[in-house]
Amino acid sequence: MSHTTVDSPVGPLTLVAHDEVLSGLYMTEQRYRPADDTFGPEDPSPFGDVITQLAEYFAGTRTDFDLPLDPIGTPFQRTVWRALAEIPYGETVTYGELAQRLGRPSAARAVGLANGRNPIAIILPCHRVVGANGDLTGYGGGLARKRRLLDLERGPDPYLLPL
């Protein structure tokens, strides 16, 4: 295990690698964030591509990530996390829709719990999952960050006039 911390428009991000493959991306004060002493020594060397692709994402020039990932979780959680990667940039789905996509239409609550335990925020875009009525609900990094990420992906408001 090794880790590094990078700045971003949503605050510092802690990147964690297991055998030099990204296994965690955590925000400050994130729900279910492991203790810092479990991240291993500080070593930025395994994270060059991750840092580059995150910078491109935040600059608005990257809409999907092309990185090897190793999220640690149960088989069901890993299935949900793989499904997150299939949600198109700038779009949202509900927990129920995600459960439907997985062939488990009655598992919306379980999908929500797995979504909340996503260890690779942003790259596995759990921020793109919303409540049944479209409301922003349950984001481990906080609803303000969720709104910021969704706004970033939607791009500038064409109806907003410059001052």
Run the side chain to side chain contact (heavy atoms under 4.5 Å, CB included) check on R33 and T14 step by step: do they pass? CA-CA 10 Å; R33 177 187 167 113; T14 300; 3.1 Å; yes
Contacts of Y57 that satisfy ring pair (Phe, Tyr, Trp, His ring centres under 6.0 Å) - sequence neighbours left out: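 For Y57 the ring pair (Phe, Tyr, Trp, His ring centres under 6.0 Å) partners, ignoring immediate neighbours, are F65.
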Check whether any side-chain heavy atom of [X] sits under 4.5 Å from a side-chain heavy atom of [Y], and report yes or no.
X	Y	result
L136	V130	yes
T28	R145	yes
L25	L124	no
T4	E42	yes
Y95	R109	no
I122	M27	yes

So, for [X] and [Y], which heavy atoms are closest and what is the spacing to 0.1 Å?
X	Y	answer
Y32	G116	CD1-O, 3.3 Å
T94	G131	CG2-O, 3.4 Å
Q30	G141	CG-N, 4.3 Å
F76	A110	CE2-O, 3.6 Å

Apart from V21 itself, members of its ILVMFWY cluster (side-chain separation under 4.5 Å) are none
Should T38 and M1 be marked as a side chain to side chain contact (heavy atoms under 4.5 Å, CB included) after you check the CA-CA gap, both sets of side-chain angles, and the distance that decides it? CA-CA 8 Å; T38 66; M1 299 283 284; 5.8 Å; no
Measure up the Y139 and H127 rings against each other and bin them: parallel (under 30°), tilted (30 to 60°), perpendicular (over 60°). perpendicular
More than 12 non-hydrogen atoms from neighbouring residues, nucleotides or ligands closer than 6.0 Å to [atom1] on [X], yes or no?
X	atom1	answer
R148	CZ	no
R104	CZ	no
D151	CG	yes

Those residues that, when tested against S45, pass side chain to side chain donor-acceptor pair (under 3.5 Å) (two or more places apart): D43
All side chain to side chain donor-acceptor pair (under 3.5 Å) counterparts of E86, not counting sequence neighbours: none
If I take atom [atom1] from residue [X] and atom [atom2] from residue [Y], how far apart are they, to the nearest 0.5 angstrom?
X	Y	atom1	atom2	result
Y26	R31	OH	CZ	14.5 Å
T137	D135	OG1	CG	7.5 Å
S2	L15	OG	CG	9.5 Å
S23	L69	OG	CG	9.5 Å
T92	K146	OG1	NZ	9.0 Å

In terms of hydrophobic clustering (I, L, V, M, F, W, Y; side-chain heavy atoms under 4.5 Å; direct or indirect links), are [X] and [Y] co-clustered?
X	Y	answer
L13	L143	yes
V129	L152	yes
V80	L113	no
L67	V16	no

Tell me, please, which residues at least two apart from T61 pass side chain to side chain contact (heavy atoms under 4.5 Å, CB included).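 Testing T61 for side chain to side chain contact (heavy atoms under 4.5 Å, CB included), a comparison that skips the adjacent residues, returns E56, A59.
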I'd like to check the side chain to side chain contact (heavy atoms under 4.5 Å, CB included) partners of R78; sequence neighbours left out, ordered by chain and number. D70, P71, W81, R82
Among D64, L84, N118, L54, whose side chain to side chain contact (heavy atoms under 4.5 Å, CB included) with I123 holds? L54
Step by step, would you call F39 with D36 a side chain to side chain contact (heavy atoms under 4.5 Å, CB included)? CA-CA 6 Å; F39 295 155; D36 288 355; 3.4 Å; yes
Keeping Q53 on the side-chain end and D66 on the backbone end, is there a donor-acceptor pair under 3.5 Å?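 Yes; judged by distance alone, with no hydrogens or angles, the pair exists.
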Please report the C-alpha distance between V93 and Q100 in whole Å, then the side-chain angles of each, then the deciding distance to 0.1 Å, and finally whether the side chain to side chain contact (heavy atoms under 4.5 Å, CB included) criterion is met. CA-CA 11 Å; V93 300; Q100 282 277 62; over 6 Å; no
